[in-house]
Amino acid sequence: MIQIKDNIYWVGKKDWEIRKFHGEEFSTHRGSTYNSYLIKDKKTALVDTVWTPFHREFIDNLEKNIDLKSIDLIVINHTEQDHCGSLPYLMEKIPDTPIYCSKNGAMLIKRHFHKEWNVNIVKTGDSIDLGDNKLVFVEMTMLHWPDSMATYVAGANVLLSNDAFGQHYASPYMFNDEVDQCELYQEAQKYYANILTPFSKLVKAKIKEISALSLPIEMIAPSHGIIWRDNPLQIVEKYDQWASDYHEGKVIVIYDSMWGATKKMALAIARGVERKGLGVKALSMGKYDKSDLMTEIFKSRGVIVGCSTVNNGIQGDAAAVLELIKCLKFKNKIGAAFGSYGWSGESVKIIEARLKEAGIEIALEGIRAQYTPSPDEIKSCEAFGEAFAEKI
Ligand code: FEO
């Protein structure tokens with residue numbers, strides 16, 4: 001139990017070993033944490049729990065520090081298993097404790113656990129007096145689940161923001177001023193790019209709504225990673241920037257290649273982009289981590305995608321990456337397609353269709369080469385890269 005401010009304590013779990021999150025979807029190279037908070041006031045409130053596999057450790061730790069029966073209420077900001085997974089085990093010990101959550105949270109608690117607990121629905125502006133502090137609830141619908149909610153601790157002036165402003169980042173330290181800033185921002189941006197990008201419009205609206213409340217915010221304590229205590233609003237400003245159709249003006253060339261011909265095209269296209277003075281990365285969709293790839297796309301203005309034609313279609317990794325791009329609903333990006341083929345040569349048209357479906361404007365008609373590109377075709381690829389760069 002680590003005191004973070006006044007009578008607020010961190011009672012979470014640092015998960016040093018996790019390398020994939022959301023099943024196998026999201027890479028977590030630096031581990032993660034599941035942050036649960038205890039507010040010990042005249043009343044004691046527990047906000048969120050930890051992921052299911054750590055329920056025993058979580059409850060043992062709580063029991064070492066407090067009598068579980070002294071918990072007057074539990075707030076569930078979000079019912080995804082990484083925050084709510086220990087709830088049923090805790091409720092076995094303190095079955096009558098009231099739970100507070102959003103309306104959708106109540107429905108999802110029922111869907112997840114099928115139990116009859118004392119669940120109470122709260123909405124934005126509702127509050128619970130704990131003594132010196134007051135919990136004020138702010139619904140965060142679709143940031144990133146229908147049930148998501150934040151809890152503001154008035155008195156201590158701490159925003160328990162749940163997933164928002166989090167990072168999959170296990171550190172020996174607790175606070176933003178104690179950690180490597182590059183690591184911190186890399187993880188915060190990857191988290192935003194992979195989880196919050198589809199909801200950017202809502203992020204902007206929510207920031208506006210919360211700013212209008214003029215709440216004094218001395219600390220932002222998310223449910224993953226480190227806690228923002230030094231200039232906590234810096235991450236809110238970053239979110240506002242990231243939610244504004246963000247890019248850094250560079251180009252990414254991503255490719256899948258069966259025998260190296262499409263790779264040759266990719267590298268030639270990248271050379272062309274580079275000649276025009278733009279930053280460019282050429283990355284293999286098969287080899288590069290897909291969550292990191294989405295972060296690179298998030299940072300790019302131009303996305304050029306290429307792969308070989310195989311069985312009248314596209315390669316598997318390219319199909320997976322194009323699906324991820326579509327689901328993340330990136331905005332304000334332009335794209336193009338390329339690829340080598342043997343006889344039928346459908347890949348370029350398929351990639352173009354998938355990019356369009358993902359809302360990425362095709363800036364340039366795609367380029368193909370049969371089998372291995374000739375020296376002239378390599379020159380054409382370089383010219384293609386230059387022409388694409390001109391569109392930016
Ligand atoms: Fe960290 Fe949406 O759960």
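Excluded from the calculations below are hydrogen atoms, water molecules and symmetry mates; all remaining heavy atoms, backbone and side chain alike, are included. First listed ligand is number 1; within each ligand, the first listed atom is number 1. For this chain, numbers begin at 1 and follow the sequence in order.
Donor-acceptor pairing under 3.5 Å is lacking for the side chains of Ser223 and Asp48. There is a side-chain donor-acceptor pair under 3.5 Å between Ser200 and Tyr192.
The local environment of NZ in Lys20 is crowded, with over 12 non-hydrogen atoms from other residues, nucleotides or ligands closer than 6.0 Å.
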Yes or no on ring-ring contact (aromatic ring centres under 6.0 Å, His included) for Phe165 and Trp242, after CA distance, side-chain angles and deciding distance? CA-CA 12 Å; Phe165 314 122; Trp242 291 339; 9.7 Å; no
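Tally of protein N, O or S atoms closer to atom 2 (Fe) of ligand 1 than 2.8 Å: 4.
Using a 4.5 Å heavy-atom threshold, the side chains of Lys281 and Glu296 count as touching.
Applying side-chain contact (heavy atoms from CB on, under 4.5 Å) to Phe137 and the options Ile121, Thr124, Val75 leaves one that passes, Val75.
Nearest to atom 1 (Fe) of ligand 1, among the N, O or S atoms that His224 has, is NE2.
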